[in-house]
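The sequence lines fix the lettering, A, B, ..., with proteins before strands; numbering per chain opens at 1. This one's a predicted model, so the numbers in the text were calculated from it and none came from an experiment.
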Amino acid sequence: MMRNSDIASVLFELAEIMDLKGDVFKRNAYRKAAQSIEDLDVEVSDYMSKGKLESIPGVGKAIARKIEELVQTGGLRSLEELRAEFPAGIMEMMKVPDVGPRTAVTLYRELGVSDLEGLRKAAEGHRIRSLKGFGVKREENILRGIELVQGHAGRMLLGHALPIAEAVVRHLRSGGMDEVSVAGSLRRWKDTVGDIDLLVGSDNPGAAMDLFTSYELVAAVISKGPTRSTVRLVDGTQVDLRAVPRSSYGAALQYFTGSKEHNVVMRRRAIQQGYRLNEYGLFRRGSGEMVAGGDEDDIYRLLGLEPIPPELREDRGEIDAAERQRLPELVREEDILGDFHVHTVLSDGKATMREVVAEAVRRGYRYIGITDHSSSLHIAHGLQADDLLASVEEARQLSEELGFPILRGAEVDIMEDGSLDYSQDILEQLDYVIGSVHSHLKMGREEMTERILTALSCKELNILGHPSGRLIGRREPYQVDMDRILEEAARTGALLEVNASLERMDLNDIGCRKAKELGAKVVLGTDSHWIEELDYMRFAVHTARRGWLEREDVVNTMPVEKVREIFRKRSA
DNA sequence: GCCGTTTTCGGCCCGACTGTTTTCAGTCG
């Protein structure tokens, strides 16, 4: 059976091969068709049986015929031939910075280099520099690039990148640049970022470049031009700074925030409406008159759109929604009244309950939930039942003393059979329970789904902790039927956690959106193990925003009485 | 290869920077 995603991946592969052939138009055509098939809610075979393949956006005669061949024979003759023409290792070579399709194909044709390792040998043997159009610098860049790729330099966690970016922004501000912003995927709060993009609005861009490249933590200046520079910091992070005139600051902010997909749609829209859109502004076509540029929101308004928050700019329907004035009213950092996932010294945290509460008060929260680990998680000093009950009493007294609501919960392990790690009579004495999977992670999909559904059937479980179990860059999500889990949570009033631990970010943006679609609410939790980590709340908030969530979708925006009511209702 | 509110042919998003050139191709975002 050929699923939509199988068909899409064949088309994506064809797109890559067209890239190697140097035909960017066919590449884009295949890519567009692949993307729209991947986004389809209906099976492609349904379209096919009705003879309606060509009504899929981006699918014309040629691609329709290819899809038919794929579905009927399970393969594609023309693809086999193309694969023989270009070895698979060429794609791998293109992961190296500065090596694009042209370079990769030239190196393959001229030197017979067909994978990353071969590329390294060719560079080390100085066989690249003598090729026409290449030189010593090019060869050195390639060699450095290979080291970068092989040294998993890859992507960086949001929570690591943002403080670095904020420090550079402070440096630029202190040097007199008043219009400075984080841009790129970081401004969209994507959970990982490839590099850090910054933007300055200044009528003296040269000064901005000098200020930037003289930042004390710069290890190397990779490129420096009059309006754009790239540096590598001592910790290996790459940072780009672009400077534009003040009158273009808003347009540039729009442009450099991306995503690329969002911008392609925006520029196409501009053309349709008789404009041209670039990083300098929105211009009337023909006269060239500039109609917007200084203010980002103006660009959206002039194109007939509600201003779109950066977190939504992924070409996932936001432009459509903005056109109909139906953008969600996203949850905001200042809406958050409390945190539901905090560890203390009682298990593996570093702060006492008193210190945690003091920090919650300092942050202006109205309540705080304490959730230490349960007994079977020995590695984290999980609490025995007696100690847990003693701490419930401690919380009650502390709450009374400080006049501040403390919700006493626990992060309870979901055991291999789906049962919870404390007995019912213990669980009943808690205000709420987060159930989390920490062991037997490699179960089959059916088993894991059953395990979690069993856990959800326990009324004492209020929140499913870090539902997918992924660790970014380290561990894939569990094999699990997440749709069924979310549906069951929605049906029974269980909540899904958005865990803000930097390598979790789990649920992620897509998961949040799915949860909302299926009618489930979420709670945000920092999973803090010391005071400073309570600050991770902002990552959870913005992940929820990327998932289109509004105030009423997020339990942390509700007053404590309402929260208690939601927890009680689940237990009843 | 797809597509049509300037088009059934001729477009397809756009500009900066580097390294190699001597006017530009390739890459990147």
Side-chain angles (χ1 to χ4, degrees), chain A residues 11 14-15 17-36 53-67 78 93-107 128-142 144-145 183-188 193-199 205 209 221-230 238-244 248 251-252 254-283 285-286 313 315:
Chain A
L11 294 175
L14 281 168
I17 293 175
M18 288 307 138
D19 219 0
L20 297 178
K21 279 184 161 302
D23 191 336
V24 295
F25 299 117
K26 285 194 188 179
R27 175 197 69 190
N28 290 343
Y30 279 120
R31 217 178 254 174
K32 178 163 194 267
Q35 191 62 53
S36 71
L53 279 177
E54 289 180 45
S55 68
I56 300 171
V59 175
K61 271 203 173 54
I63 292 183
R65 196 140 310 144
K66 286 191 167 68
I67 292 173
S78 51
M93 285 160 58
M94 283 165 50
K95 293 200 177 109
V96 177
D98 292 337
V99 177
R102 307 309 326 136
T103 305
V105 169
T106 303
L107 292 173
I128 293 177
R129 59 178 62 178
S130 52
L131 290 177
K132 185 164 188 278
F134 290 77
V136 175
K137 279 224 161 133
R138 203 78 212 290
E139 186 177 272
E140 286 169 353
N141 278 345
I142 289 174
R144 252 207 313 277
S185 51
L186 202 46
R187 183 164 179 245
R188 303 197 312 274
V193 301
D195 62 4
I196 294 175
D197 294 304
L198 303 178
L199 179 71
M209 293 300 125
V221 177
I222 295 172
S223 74
K224 184 177 181 185
T227 65
R228 176 175 156 179
S229 300
T230 302
Q238 190 162 311
V239 188
D240 286 354
L241 177 70
R242 181 70 191 267
V244 295
S248 294
Q254 196 287 320
Y255 185 92
F256 289 112
T257 296
S259 65
K260 196 162 37 167
E261 293 75 16
H262 174 88
N263 283 355
V264 165
V265 178
M266 286 290 288
R267 285 195 288 269
R268 201 173 288 145
R269 184 182 180 87
I271 289 171
Q272 277 165 8
Q273 304 193 355
Y275 296 104
R276 188 165 50 87
L277 177 61
N278 60 28
E279 61 262 57
Y280 298 112
L282 185 64
F283 302 90
R285 270 210 305 192
R313 301 182 193 171
D315 189 24

task = Report the residue (A/K32 or A/R268) whose heavy-atom-nearest nucleotide on DNA chain B is the more 5′ of the two.
result = A/K32

key: Upstream residue (5' side of DNA chain B) when A/V96 and A/P226 are each assigned their closest nucleotide   = A/P226

key: Any residue of residues 19-29 of chain A with a heavy atom less than 4.0 Å from an atom of DNA chain B   = A/F25, A/K26, A/A29

message = Counting distance alone, no hydrogens or angles: does the base of B/dG29 have a donor or acceptor under 3.5 Å from a partner atom on the side chain of A/Y255?
response = yes

Sugar-phosphate, base or nothing in reach of [X], heavy atoms under 4.0 Å:
X: A/V105; result: nothing
X: A/K132; result: nothing
X: A/N141; result: sugar-phosphate
X: A/R285; result: base
X: A/V244; result: nothing
X: A/T230; result: nothing

Give each protein N/O atom lying under 3.5 Å from an N/O atom of nucleotides 23-26 of chain B, with the pair distance.
{"from": "B/dG26", "atom 1": "O3'", "to": "A/T103", "atom 2": "OG1", "distance (Å)": "3.2"}

request  = Return each pair, listed once, that meets salt bridge (charged side-chain N to carboxylate O under 4.0 Å, His left out) where at least one residue sits in residues 263-283 of chain A; pairs must be two or more places apart or across chains.
outcome  = A/R242-A/E279, A/R269-A/E323

key: Interatomic distance where CG belongs to A/N263 and C1' belongs to B/dC13 [whole Å]   = 9 Å

